[in-house]
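First the proteins, then the strands, lettered A, B, ... as listed; each starts at 1.
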Amino acid sequence: MEKPEKVGGAYDPKTTEEKIYGLWLKSGYFNPDKLPPKIYPKKAKRYTVILPPPNITGSLHMGHALNATIEDILVRYHRMRGYKAAWLPGTDHAGIAAQNVVEKELRKQNISRFDLGREKFVGEIWKWREKYGGVILDQLKKLGASCDWSRARFTMDEKYAREVQAAFVHYHRKGLIYRGERVVNWCPRCRTSLSDLEIEYREEKGKLWRLKYPLKDGGEIIVATTRPETMLGDAAVAVNPKDARYKNVIGKTAVLPIQNREIPVIADAAIDADFGTGAVKVTPAHDLLDAEIASRHSLPFHQIIDERGRMQNAGVCDGLKPPECREIVLKKLGDLNLIESAEDYVHNVSLCYRCGSRLEPILSKQWFSKMGGLAKTAIGAVKSGKTKIYPKNFEKPYLDWLGNVKDWCVSRQIWWGQRLPVWFCAQNQTEISNDHPPAGGPISKQNENSTAEKFAVSVKKPRQCPFCKNCDMEQSADVLDTWFSSALWPFAGLSPADVRKFYPSDVLVTARDIINLWVARMIFSGREFMDKEPFKKVLIHGTILTKEGKRMSKSLGTGIDPLSLIDSYGADAVRFGIIWQATGNQDIRWDEAAVIAGKKFANKLWNASRFVAANQTASPQKVEKKSDGFRPRGATAADKKILKELTRVKKTAEKNIGALEFGKALRDIYDFFWHSFCDRYIEESKKQMEDPAKRESAAATLSFVLNESLKMLHPFMPFITEEIYGTAAAAPPEAGPAGNERRMLMIEKW
RNA sequence: GGGCGGUUAGCUCAGCGGUAGAGCACUGCAUUCACAUUGCAGGGGUCACAGGUUCAAAUCCUGUACCGCCCACCA
């Protein structure tokens with residue numbers, strides 16, 4: 001089939017996007033300090049958004065694209081409304097994630113981090129970061145993000161890191177950070193503690209064993225467990241005090257099989273009489289609930305699993321992994337005829353959120369942040385309405401979590417991150433170093449916390465050891481939780497002048513999975529250090545899923561790469577497609593058809609503007625200002641109608657953007673532009689053009705409506721609108737056909 | 001165990017008290033007139049199910065079913 005030669009041709013995003021982004025960068029307008037003072041006077045209001053700092057390990061995925069598109073819409077819209085708009089970007093050092101990535105790289109050469117040693121290994125991560133850490137920000141540029149790149153921060157920048165350490169010192173001085181030996185969630189692969197929020201659960205088919213523990217005075221008590229191997233660390237058997245079945249067993253002594261250790265039978269209200277046999281083996285060092293029970297009853301903590309997740313000090317199967325040990329224990333118990341039964345049982349196992357390894361609760365010395373008071377301020381911020389969460393449903397999980405939150409383990413035993421500003425007396429070392437691979441020996445003594453520990457807390461190394469007066473103090477080997485660091489993101493690392501300009505920000509846009517992990521912690525940190533909530537609004541957007549409703553995952557190959565979409569359809573079309581689907585706050589089942597619709601729409605815009613350009617009259621157009629907008633002299637009914645509709649759609653767009661309803665806003669503008677303007681008005685204008693008396697008003701109306709439409713669409717589709725605006729097609733009538741004194745659309749008055 | 005969403009055209013979703021909408025897909029017609037990445041016309045839905053409130057319900061209330069997500073120390 002032969003196609004007729006076309007004069008103008010279709011819009012090609014590739015040839016324009018790079019050029020336009022270059023123009024924006026050259027203008028400097030992404031930096032609010034460089035906006036033209038004529039348009040943005042000193043007293044102009046500010047509008048600030050902070051970019052949730054992507055991990056340096058990441059590459060742009062659909063979630064980032066959605067997040068960034070929303071933020072860019074808000075920033076561009078407010079910039080056009082006359083606000084000194086700022087969007088502050090940066091990246092997160094992503095402690096465990098980044099360390100794991102580099103460890104994996106090294107493993108290919110058969111090198112472990114311990115082979116390199118701490119300093120060299122951290123050097124490797126820095127090298128990696130130099131090479132790849134900025135990739136994701138460059139990818140955001142492809143999307144059209146109007147971030148103030150001159151203010152890009154990194155959470156491991158010297159200034160930022162120092163402020164993170166200072167925050168630790170501040171909390172410690174206030175008594176809000178303390179050191180304690182507790183049972184914590186431990187990842188044996190990453191060899192670090194994790195906070196309660198850094199755990200993922202997976203259902204696993206296992207068995208529930210009923211084991212017989214003989215009583216010293218004869219008889220037996222049957223306990224139910226999913227992990228028989230942990231019986232080697234048992235310190236008691238517990239029952240509910242109200243459980244009639246065990247009334248006369250409480251206080252008696254059981255004899256732990258295999259080790260033949262005597263353990264008490266105790267009563268604790270935490271035991272559910274309806275589960276299993278109603279009697280539970282208590283393993284204080286390897287179960288969070290058991291640890292609580294143990295501390296209530298002063299039971300000993302037998303640490304039988306080490307930092308590598310291997311059995312130790314158990315007398316049986318030392319050095320083996322727990323599942324291997326389980327077989328041995330079961331065999332021995334079977335031989336002793338102490339297994340009552342074993343039934344199939346589905347239960348949740350806890351996994352490391354970074355590497356997916358099975359976690360082992362172990363007893364460990366860690367640093368904890370007291371959450372009580374801080375949680376209260378974070379609750380108050382939302383309850384008082386000082387920080388508003390959109391949509392409102394997300395307030396409940398936020399408040400519920402804060403209402404029951406336990407102290408936050410903020411120390412990590414990895415190497416990549418801000419070192420704890422804690423200095424130990426070298427003569428009285430109590431810190432267990434994590435700088436060497438654990439030998440498998442005892443990692444900490446039981447109930448050691450009574451010893452007075454000799455450490456000083458300060459950002460700088462103390463000149464003189466306050467304890468022995470003459471040692472070279474050693475800094476704690478631990479680093480801070482990445483989320484402790486990112487909790488300070490709204491202000492840390494900014495110059496004092498910038499803090500005044502940009503704190504607090506207007507809106508935080510993020511995904512729901514980090515409401516507690518990040519948002520709540522930013523809110524109380526903001527209150528603690530800046531005495532003010534860090535943002536007025538929190539917008540929780542949906543998650544982009546596959547068309548089948550499954551999570552997008554790189555490893556499963558279900559992910560969609562926004563960059564390849566941009567390559568195929570253009571950034572404007574991708575932004576359009578994302579926002580088209582982002583109505584309400586529902587999760588999005590990704591449909592590429594929406595991006596195709598965006599590409600078609602871009603083409604429509606392009607061609608409509610060519611038509612408008614071709615129909616401009618030589619002389620400047622006369623327009624009258626009416627209360628409801630502009631109206632050309634001698635306007636026809638059709639002219640008036642489209643102008644009236646334009647006024648309406650503009651107001652609706654303002655309302656929708658204000659309400660953070662971007663999908664609605666876009667659909668409405670789309671419908672107006674395509675159907676009202678192109679299908680109806682442009683067709684009508686063709687007739688008007690033939691009548692000399694109606695020609696001028698048609699030309700003026702075409703130009704005016706196109707011009708206004710470009711402005712409305714610019715936050716959504718910045719590249720093509722900027723490109724068209726730079727041509728004569730969209731010259732505002734009052735500016736004359738050649739478009740004198742044109743500004744860039746990005747700073748044009750909305 | 002608790003909480004939060006969802007269930008509307010073949011697909012992805014809007015609508016959230018007044019006689020069903022969009023994009024894509026589908027059917028028919030129309031190409032020297034900005035655009036075939038088009039225009040015009042059209043087909044297609046007992047709005048998950050069952051009760052209730054109302055003059056009126058996809059829309060409000062109650063319950064059920066299925067799907068999804070989050071939280072939780074049932075060992």
Side-chain angles (χ1 to χ4, degrees), chain A residues 1 3-11 183 196-197 199 201 208-210 223-228 230 237-238 270-283 287-293 345 347-348 350 361 391-401 404 406 512-513 515-516 542-543 545 547-551 569 573 576-577 580-615 661 663-664 667-668 670-671 674-675 678-680 682-683 685-687 689-690 702 706 729:
Chain A
M1 253 202 284
K3 281 187 179 175
E5 273 308 307
K6 294 288 173 191
V7 188
Y11 170 65
V183 174
D196 297 343
L197 289 175
I199 304 168
Y201 293 95
L208 184 66
W209 283 272
R210 286 160 207 259
V223 298
T225 181
T226 53
R227 298 195 64 189
T230 62
V237 171
I271 306 303
D272 178 1
D274 295 330
F275 182 85
T277 60
V280 177
K281 54 188 277 316
V282 181
T283 318
D287 183 282
L288 269 57
L289 176 61
D290 290 2
E292 281 177 29
I293 293 173
Y345 188 69
H347 62 134
N348 283 332
S350 51
K392 210 171 185 315
N393 330 342
F394 288 112
E395 278 184 11
K396 191 174 159 53
Y398 169 91
L399 294 171
D400 286 352
W401 179 70
N404 302 304
K406 285 185 289 185
R512 75 171 96 78
D513 46 339
I515 294 175
N516 299 329
T543 305
L545 307 168
K547 196 158 186 174
E548 291 72 39
K550 295 272 188 296
R551 220 181 179 81
Y569 303 107
F576 178 102
W580 181 265
Q581 299 181 76
T583 47
N585 58 295
Q586 288 312 310
D587 286 350
I588 294 165
R589 290 194 180 199
W590 182 251
D591 188 356
E592 197 163 310
V595 178
I596 294 167
K599 186 174 162 62
K600 287 187 185 177
F601 186 54
N603 191 59
K604 193 75 180 172
L605 251 177
W606 184 251
N607 284 301
S609 72
R610 283 175 51 221
F611 174 82
V612 173
N615 285 286
E661 296 272 15
K664 260 189 202 170
R667 283 164 187 251
D668 197 49
Y670 168 92
D671 187 63
W674 196 307
H675 301 302
C678 294
D679 291 348
R680 289 191 280 278
I682 285 186
E683 292 310 311
S685 77
K686 287 175 186 170
K687 290 178 210 157
M689 286 292 173
E690 287 164 18
L702 282 171
L706 174 65

Task: A:Lys600 side-chain N/O to B:rC24 phosphate OP1/OP2 under 4.0 Å - done: yes
TODO: Looking at every strand, decide which applies to A:Leu208 at a 4.0 Å heavy-atom threshold: base, sugar-phosphate, or nothing.
DONE: nothing
TODO: Report the distance from atom CG of A:Asp196 to atom CG of A:Asn516, rounding to the nearest 0.5 Å.
DONE: 11.5 Å
Open item on the list: What's the separation between atom NZ in A:Lys600 and atom CH2 in A:Trp674, rounded to the nearest 0.5 Å?
Closed with: 7.0 Å
Open item on the list: Distance check needed: B:rG15 P versus A:Asp671 CG, whole Å only.
Closed with: 15 Å
Task: Mate of B:rA50 where both pairing distances stay under 3.5 Å, Watson-Crick or G-U - done: B:rU62
Task: Nearest to side-chain heavy atoms of A:Asp591, which nucleotide of B:rG15, B:rG23, B:rA34 - done: B:rG23
Open item on the list: Please classify the nucleic acid contact of A:Ala594 as base, sugar-phosphate, or nothing, using heavy-atom distances under 4.0 Å.
Closed with: nothing
- [ ] Please measure how far the P atom in B:rU64 lies from the corresponding atom in B:rA22, and state the result in whole Å.
- [x] 36 Å
TODO: Give A:Tyr670 one of three labels, base, sugar-phosphate or nothing, depending on what nucleic acid heavy atoms sit under 4.0 Å from its own.
DONE: sugar-phosphate
TODO: Check every strand shown and say whether A:Asp272 touches a base, only sugar-phosphate, or nothing at a heavy-atom separation below 4.0 Å.
DONE: base
- [ ] May I ask which nucleotide in the shown strands pairs with B:rU32, Watson-Crick or G-U wobble, both distances under 3.5 Å?
- [x] none
Open item on the list: On the nucleotide B:rA75, are OP1 or OP2 found under 4.0 Å from the side-chain N or O atoms that A:Thr226 carries?
Closed with: no
- [ ] Specify whether A:Phe601 and A:Phe576 have parallel, tilted or perpendicular ring planes, treating 30° as the upper limit for parallel and 60° as the lower limit for perpendicular.
- [x] tilted
- [ ] Give A:Trp580 one of three labels, base, sugar-phosphate or nothing, depending on what nucleic acid heavy atoms sit under 4.0 Å from its own.
- [x] sugar-phosphate
Task: A:Glu683 CD - B:rU38 C1' separation (whole Å) - done: 10 Å
- [ ] For A:Trp401 and for A:Ala593, locate the closest nucleotide of RNA chain B by heavy-atom distance; then report the residue assigned to the nucleotide nearer the 5' terminus.
- [x] A:Ala593
Task: Nearest-angstrom distance, P atom, B:rC11 to B:rA25 - done: 15 Å
Open item on the list: Taking the nucleotide of RNA chain B with the nearest heavy atom to each, does A:Tyr201 or A:Phe601 sit closer to the 5' end?
Closed with: A:Phe601
Open item on the list: Measuring only the P atom in each nucleotide, how far is B:rA9 from B:rC4? A whole number of Å is fine.
Closed with: 26 Å
Open item on the list: Would you measure the distance from the C1' atom in B:rG68 across to the matching atom in B:rA48 and give it in whole Å?
Closed with: 15 Å
TODO: May I have the distance from A:Gln586 (atom CD) to B:rG5 (atom C1'), rounded to whole angstrom?
DONE: 6 Å
- [ ] Give a yes/no answer on whether the side chain of A:His675 brings an N or O atom under 4.0 Å of OP1 or OP2 in B:rG23.
- [x] yes
TODO: Please report, rounded to the nearest Å, how far the C1' atom of B:rG5 is from the CG atom of A:Asp513.
DONE: 15 Å
Task: Pairwise C1' distance, B:rC61 and B:rC16 [rounded to whole Å] - done: 14 Å
TODO: Could you pull out all residues at least two apart from A:Asp400 that satisfy side-chain contact (heavy atoms from CB on, under 4.5 Å)?
DONE: A:Lys396
TODO: Look at all strands and tell whether A:Asn348 reaches a base, only sugar-phosphate, or nothing, counting heavy atoms closer than 4.0 Å.
DONE: base
Task: G-U wobble or Watson-Crick pairing nucleotide for B:rC24 (cut-off 3.5 Å, both distances) - done: B:rG10
Open item on the list: Can you check the distance between B:rG6 and B:rC13, where both ends of the measurement are the C1' atom (answer in whole Å)?
Closed with: 12 Å
- [ ] Ignoring backbone atoms, establish whether A:Asn603 has a side-chain N or O less than 4.0 Å from OP1 or OP2 of B:rC35.
- [x] no
Open item on the list: Applying the Watson-Crick and G-U wobble criteria at under 3.5 Å, what pairs with B:rG5? Answer none if nothing qualifies.
Closed with: B:rC67
Task: Pair listing, salt bridge (Lys or Arg N to Asp or Glu O under 4.0 Å) test, anchored in residues 582-595 of chain A, at least two apart - done: A:Arg512-A:Asp587, A:Lys547-A:Asp591
Open item on the list: Heavy atoms only, 4.0 Å cut-off, all strands: where does A:Ile515 land among base, sugar-phosphate and nothing?
Closed with: nothing
Open item on the list: Say we look at B:rA14 and B:rU7: how far apart would their C1' atoms be, to the nearest angstrom?
Closed with: 15 Å
- [ ] Select base, sugar-phosphate, or nothing to describe what A:Tyr345 touches, counting heavy atoms under 4.0 Å on all strands.
- [x] sugar-phosphate
- [ ] Taking only the side-chain nitrogens and oxygens of A:Arg589, find out if one of them lies under 4.0 Å from OP1 or OP2 of B:rU12.
- [x] yes
- [ ] Would you please confirm or rule out a distance under 4.0 Å between OP1 or OP2 of B:rA34 and any side-chain N or O of A:Lys686?
- [x] yes
Open item on the list: What's A:Trp674 touching, base or sugar-phosphate or nothing? Going by heavy atoms closer than 4.0 Å.
Closed with: sugar-phosphate
Open item on the list: Nearest to the A:Lys604 side chain among B:rA34, B:rC73, B:rA75, which nucleotide is it?
Closed with: B:rA34
- [ ] Please state the P separation for the pair B:rU8 and B:rU54 - nearest whole angstrom.
- [x] 29 Å
TODO: Using a 4.0 Å heavy-atom cut-off across all strands, classify A:Arg512 as base, sugar-phosphate, or nothing.
DONE: sugar-phosphate
